[in-house]
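For reference, the structure discussed in these notes is given below.
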Amino acid sequence: MHVTLPDGKRLDLSEQATGADAAAAIGAGLARAALAIKVDGELRDLSAPLSDGAEISIVTGRDADSLELVRHDCAHVLAAAILELYPGTRISIGPPIEDGFYYDFDFPEGVSISEHDFGAIEAKMAEHIRADEPFVRDDIDVDTALERFREEDQPYKVELIEDLMAAQGVQTVSLYTNGPFTDLCRGPHAPSTKRIKAFKLLSVAGAYWRGDAKRQMLTRIYGTAFLDKAELAAYLERLEQARARDHRKLGRELDLFLFSELSPGSPFWQPNGMAIWNALTELWRSENAGRGYREVRTPILYDVELWKQSGHWDKYRDNMYFTDVEGRQMGLKPMNCPAHIQLYKSARRSYRDLPIRYSEAGLVHRHEPSGTLHGLMRVRHITQDDAHIFCTEEQVQEEVAGCLDFGFFLYETFGFEPRLELSTRPEQRIGSDEMWDRAEAALAGALDAKGLEYEVNPGDGAFYGPKIDLHMTDSIGRSWQLGTVQLDYSMPERFDIGYTGADNADHRPVMIHRALLGSFERFIGILVEHYAGEFPLWLAPVQAIVLPVSDRFAEYGSEVAKALGTAGLRAELDARTESVGRKIRDAELRKVPYMLVVGEREAEQRAVALRRHGEGDVGTLELADAVGRLASEDHKRQ
RNA sequence: GCCGACGUAGCUCAGCUGGUAGAGCACUUCACUCGUAAUGAAGGGGUCGGGGGUUCGAGUCCCCCCGUCGGCUCCA
């Protein structure tokens, strides 16, 4: 038979030839480096027999697929080690993932694993890797497989096979054996364990069987593997650097905010953090005004009747805070929309009034479960950059497009490239299919008109309408939702709001819920990590610091600081009795964008010696020029 | 909420098998008056997250609670 290689060349092989034979036929070096083979685009074991006429390519460490392969191998080696060290453990699944792999185990009663055990587990894994144990595939019929796993008391494997049979009518399954360990597995795998050149266990965590909170909690062990040691070292180094820009760490170091046990999930903003907050608010406020939004402010505490009418009581009660006020039950708002509806209702509205756009830096409270709190990224005290647009059905697409424009303007200011998701009608929803057709088409239309790429999440929309979400990733690769644009046909109905149309008849407006930054808390968290605390001038808590060379020049220094302040800059004077070296070091550590050193020469010439954070000495400028330069940079938000 | 780990001075951390707490930085005082990343010396500072228990004796062992961290579930 023959196969075709990636360069189009034809390779003749004997009947029954395998991937390994093909690799050997091409070259001995390739045969040694081969990990797997791609047959007509599908990844297979090297030991798999080839079919006549197939297009093949040999997968080596140079291919992108190879990492996934060895990580999957490594997951099997981990399971082998665990079963030896902790007999009686039940195994579930162990896939490769982005940057590594995991395996979920159900340990015997009384056994619990922690990172302290990793040393012993890794040592056992290393034994198996050193032993160069081949991965051997065995295709068997499901009954034999079921019998085997029942005998071995591996109920999770039994369940997996039963599901495969039920869902896909599977008759045979494949098993892979490496050393003493056999696992139900689709494959493929590298030829042997020795191909894992570098690996490390990273963390241990709980994970529900099949991601279902009602089912057994398993112990998940995360690890990673690479094809050489240097890559592993580089990866660990990246993790280390990511930790250094964690907003929780920088928040403490730069005195931006703090958290207290006295109010879990609620940040206390230090003056430095508040400066960032205010700079951001200024941008947000002026842009809102320029785009036809009118800012409002509404209460945070409401009679529960409001939440019953809005539907939050039914759907969201468990996540709300309630209190009694003189015998009346009141609830803190988890969303601003019912409040904005009260504003809308304050007058009879005409089609000529629409769209009405209300914006509010609205403070909402949500009782997020304790285990989900995460610095500024997941808080209970949330300040949304909220807005609600009341418009006619015909205006929807244009308004959504306006929101997206606004959003992208904001994100571009920071050099962000958010990931977009369009979530469509869920199973449980209100409104007619025609309404959903129009709503989804309006959102998709707005996205397409802008030529934006987005992912569709079928069934993930809110019960009252579809939505577009904007996601960003934090320093350790976790994805967070920031902005959202949601169409809502339900609230207007629940609150029975209307407008008089040109036909003098009553019509129902559509509501668009829109948050672009998402929340000030989360957005600032993302900003801190994005800039690693080295904020552009316009966001920096302290924009410039004046450093007199000695006490003798403190007076001129104070004059310089005052000039900066007058120009609208956040400036400080470091009047401590310290060496210049010390003052510079401290300012550098605080990541202050500009340092203005003043001594005898500067005082005489009414000048400053300018230094840029992270770059060093810029040179001497006349005071007025220096102030002008900084003010202009601040103004341009560079 | 669930699983696991962790919680010692403002911060980062040390404290072996139980014998009434220690370092660096920060802070205060004094001296130095300094030219682009740490001047030196002295000093103050801790209910060892909270509560209960075991023990002659608990930061250290056990139990409960709170918080934080890593995940999982959730995130209108």
Side-chain angles (χ1 to χ4, degrees), chain A residues 102 104-107 112-117 202-222 243 246 248-249 252-253 255 258-265 307 310-312 314-320 334-335 337 364 366-375 377-380 382 426 460-465 467 469 476 478 480-481 484 486 488 490-491 513 522 547-554 576-590 595-602 609-620:
Chain A
Y102 68 77
D104 285 349
F105 302 101
D106 186 2
F107 284 98
S112 77
I113 295 300
S114 82
E115 287 169 27
H116 304 300
D117 303 309
L202 296 173
S203 64
V204 55
Y208 298 108
W209 168 233
R210 307 209 124 175
D212 185 343
K214 290 194 249 339
R215 305 199 65 179
Q216 179 73 30
M217 174 63 75
L218 306 173
T219 303
R220 174 170 299 179
I221 296 178
Y222 284 95
R243 269 191 275 273
D246 189 310
R248 293 165 296 186
K249 179 176 153 72
R252 236 192 336 269
E253 289 173 357
D255 291 319
L258 58 88
F259 285 91
S260 161
E261 291 195 11
L262 298 172
S263 186
W307 305 118
S310 70
H312 287 90
D314 289 333
K315 269 205 65 118
Y316 205 64
R317 194 176 19 191
D318 291 346
N319 295 308
M320 286 178 64
M335 286 178 81
C337 35
V364 300
R366 300 178 182 182
H367 179 228
E368 303 288 346
S370 56
T372 65
L373 299 178
H374 184 92
M377 303 299 198
R378 184 100 178 239
V379 290
R380 289 176 173 161
I382 307 162
D460 234 21
F463 70 96
Y464 49 73
K467 58 176 186 164
D469 292 328
I476 8 184
R478 282 178 287 217
W480 298 95
Q481 183 188 310
T484 184
Q486 309 183 347
D488 183 358
S490 161
M491 287 293 161
H513 304 243
R522 183 176 285 180
L547 311 178
V549 165
S550 85
D551 289 352
R552 294 191 288 137
F553 311 106
R576 292 176 303 165
T577 308
E578 291 287 354
S579 65
V580 209
R582 176 54 180 268
K583 291 180 181 180
I584 285 171
R585 179 183 153 82
D586 288 346
E588 288 285 353
L589 290 176
R590 290 173 65 190
M595 285 147 275
L596 292 79
V597 180
V598 294
E600 189 152 15
R601 293 195 295 274
E602 289 76 18
L610 198 60
R611 181 189 166 100
R612 186 88 169 94
H613 166 67
E615 288 171 22
D617 199 1
V618 175
T620 301

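Protein chains get the first letters and strands the later ones, always in sequence-line order, with residue 1 at the start of each. These numbers come from the heavy atoms of this one structure, side chains and all, not from hydrogens, waters or symmetry mates.
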Report summary line: Closest of B/U36, B/U33, B/G4 to the A/Thr577 side chain is B/U33

Requested in this report: Output, in order, the C-alpha distance, side-chain angles, deciding distance and verdict of side-chain contact (heavy atoms from CB on, under 4.5 Å) for A/Trp480 and A/His374.
Outcome: CA-CA 11 Å; A/Trp480 298 95; A/His374 184 92; 3.8 Å; yes

Report summary line: Closest non-hydrogen atoms of A/Asp586 and A/Arg576, given as atom of the first, atom of the second and distance, are OD2-NH2, 2.8 Å

**Report entry** B/U39 to B/C48 separation - P atoms, rounded to the nearest Å
**Finding:** 36 Å

Requested in this report: Write down the distance separating the C1' atoms in B/C27 and B/G10, rounded off to the nearest Å.
Outcome: 9 Å

Query raised in the report: NA contact type, A/Thr372, heavy-atom cut-off 4.0 Å: base, sugar-phosphate, or nothing?
Result: base

Report task. Starting at atom NE2 of A/His312, determine the distance to atom P of B/C75, rounded to an integer number of angstrom. Result -> 14 Å

Requested in this report: Specify the separation, in whole Å, of atom CD1 of A/Ile382 and atom P of B/C74.
Outcome: 18 Å

Query raised in the report: Does A/Arg248 place a side-chain N or O at less than 4.0 Å from the phosphate oxygens OP1/OP2 of B/C69?
Result: yes

**Report entry** Between B/G57 and B/G52 - P atom distance, rounded Å
**Finding:** 15 Å

Query raised in the report: A/Val580 near the nucleic acid: base, sugar-phosphate alone, or nothing, with a heavy-atom cut-off under 4.0 Å?
Result: sugar-phosphate

**Report entry** Minimum-distance nucleotide to A/Arg601 side chain [options: B/G70, B/G35, B/A5]
**Finding:** B/G35

Report task. Look at the rings of A/His513 and A/Tyr464 and say which category their plane angle falls in: under 30° parallel, 30 to 60° tilted, over 60° perpendicular. Result -> parallel

Query raised in the report: Just how far is it from atom CZ of A/Arg252 to atom CZ of A/Phe259, taken to the nearest 0.5 Å?
Result: 10.5 Å

Requested in this report: Nearest whole angstrom, please: distance from the P of B/C74 to the CZ of A/Arg215.
Outcome: 15 Å

Query raised in the report: If you look at every strand shown and take non-hydrogen atoms under 4.0 Å, does A/Glu115 touch a base, only sugar-phosphate, or nothing?
Result: nothing

Query raised in the report: Are OP1 or OP2 of B/G71 and a side-chain N or O of A/Arg478 less than 4.0 angstrom apart?
Result: yes

Requested in this report: May I ask you to verify if any side-chain N or O of A/Arg252 is less than 4.0 angstrom from the OP1 or OP2 atom of B/U12?
Outcome: yes

Report task. Describe the nucleic acid contact of A/Gly211 in one word from base, sugar-phosphate, nothing, applying a heavy-atom distance below 4.0 Å. Result -> sugar-phosphate

Query raised in the report: On a whole-Å scale, what distance lies between the P atoms belonging to B/U47 and B/A21?
Result: 13 Å

Query raised in the report: Hey, which of these two, A/Gly614 or A/Arg576, hits RNA chain B nearer its 5' end, going by closest nucleotide?
Result: A/Arg576

Report summary line: Rounded to whole Å, CZ of A/Arg378 lies from C1' of B/G71 at a distance of 13 Å

Query raised in the report: Given atom CZ of A/Arg366 and atom C1' of B/G1, what is their separation to the nearest angstrom?
Result: 18 Å

Report summary line: Of the listed B/A5, B/G70, B/U33, the closest approach to the A/His374 side chain comes from B/G70

Query raised in the report: Rounding to a whole Å, what distance do you find between A/Glu368:CD and B/G67:P?
Result: 15 Å

Query raised in the report: Taking atom C1' of B/C75 as reference, at what distance in whole Å does atom CH2 of A/Trp480 sit?
Result: 10 Å

Query raised in the report: How far does the P atom of B/U8 sit from the matching atom of B/C16, given to the nearest Å?
Result: 15 Å

Query raised in the report: Base, sugar-phosphate, or nothing: which does A/Ser260 touch, judged by heavy atoms less than 4.0 Å apart?
Result: nothing

**Report entry** Pairing partner of B/U17 (Watson-Crick or G-U wobble, both distances under 3.5 Å)
**Finding:** none

Requested in this report: Determine whether any donor atom in the side chain of A/Arg552 lies under 3.5 Å from an acceptor atom in the base of B/U33, or the reverse, and answer yes or no.
Outcome: no

Requested in this report: Remember a base hit wins even if backbone is also touched, and classify A/Gly616 as base, sugar-phosphate or nothing at under 4.0 Å, heavy atoms.
Outcome: nothing

**Report entry** P atoms of B/G35 and B/G49, separation to the nearest Å
**Finding:** 46 Å

Query raised in the report: Under 4.0 Å between a side-chain N/O of A/Arg220 and OP1 or OP2 of B/C3, yes or no?
Result: no

**Report entry** Close side-chain approach of A/His367 and A/Pro334, heavy atoms under 4.5 Å
**Finding:** no

Query - Separation between the C1' atoms of B/C13 and B/C6, rounded to whole Å - result: 14 Å

Report task. Name the nucleic acid region contacted by A/Met595, choosing base, sugar-phosphate or nothing; use a 4.0 angstrom heavy-atom cut-off, strictly under. Result -> nothing

Query - From A/Met335, A/Met320, A/Arg378, residue fulfilling side-chain contact (heavy atoms from CB on, under 4.5 Å) relative to A/Arg366 - result: A/Met335

Report task. Choose from B/C6, B/U36, B/A37 the nucleotide whose nearest atom is closest to any side-chain atom of A/Arg585. Result -> B/A37

Report task. Would you classify A/Tyr464 as touching base, sugar-phosphate or nothing, given that sugar-phosphate means primed atoms plus P, OP1 and OP2, and contacts are heavy atoms under 4.0 Å? Result -> sugar-phosphate

Requested in this report: Mind checking A/Leu218 for me? I need base, sugar-phosphate or nothing, with any heavy atom below 4.0 Å counting as a touch.
Outcome: nothing

Query raised in the report: What does A/Glu600 touch in the nucleic acid at a heavy-atom separation under 4.0 angstrom: a base, only the sugar-phosphate, or nothing?
Result: base

Query raised in the report: Which pair of heavy atoms, one from A/Glu368 and one from A/Val379, lies closest together, and at what distance?
Result: CG-O, 3.4 Å

Query raised in the report: Is the backbone of A/Asp104 close enough, under 3.5 Å, to the side chain of A/Arg220 for a donor and an acceptor to pair up by distance?
Result: no

Query raised in the report: Under 4.0 angstrom, heavy atoms only, what part of the nucleic acid is A/Glu578 near: base, sugar-phosphate, or nothing?
Result: base

Query raised in the report: Which is true for A/Tyr102 with a 4.0 Å heavy-atom rule: it touches a base, it touches only sugar-phosphate, or it touches nothing?
Result: nothing

Query raised in the report: So which nucleotide does B/A42 pair with, by the Watson-Crick or G-U wobble rule with both distances under 3.5 Å?
Result: B/U28

Report summary line: Here the distance between atom C1' of B/U36 and atom CD of A/Glu615, to the nearest Å, is 14 Å

Query raised in the report: Between the base of B/G71 and the side chain of A/Tyr208, is there any donor-acceptor pair under 3.5 Å?
Result: no

Query raised in the report: Between A/Ser579 and B/U39, is there a side-chain N or O to OP1/OP2 distance below 4.0 Å?
Result: yes

Report task. Would you kindly check whether a donor in the side chain of A/Arg582 faces an acceptor in the base of B/A38, or vice versa, at under 3.5 angstrom? Result -> no

Report task. For B/C2 and B/C64, measure between their P atoms and round to the nearest Å. Result -> 13 Å

Report summary line: Closest to the side chain of A/Val549, out of B/G35, B/A37, B/C3, is B/G35

Query raised in the report: Of A/Gly581 and A/Asp246, whose closest RNA chain B nucleotide lies nearer the 5' terminus?
Result: A/Gly581

Query - Closest to side chain of A/Leu589, choosing from B/G70, B/C34, B/A37 - result: B/A37

Report summary line: Across every strand shown, the nucleotide meeting Watson-Crick or G-U wobble geometry with B/U33 (both distances under 3.5 Å) is none

Query raised in the report: Looking for any heavy atom pair under 4.0 Å, which part of the strands does A/Ala609 touch: base, sugar-phosphate only, or nothing?
Result: base

Query - Pair assignment for B/A5, Watson-Crick or G-U wobble, requiring both distances under 3.5 Å - result: B/U68

Query raised in the report: With a 4.0 Å cut-off, would you call A/Arg248 and A/Asp246 a salt bridge?
Result: yes

Requested in this report: May I ask which nucleotide in the shown strands pairs with B/U55, Watson-Crick or G-U wobble, both distances under 3.5 Å?
Outcome: none

Query raised in the report: Which part of the nucleic acid, if any, lies within contact of A/Ala213, taking any heavy atom under 4.0 Å across all strands shown: a base, the sugar-phosphate backbone alone, or nothing?
Result: sugar-phosphate

Requested in this report: Give the minimum heavy-atom separation between A/Arg215 and A/Tyr208, together with the two atoms involved.
Outcome: O-CD2, 3.7 Å

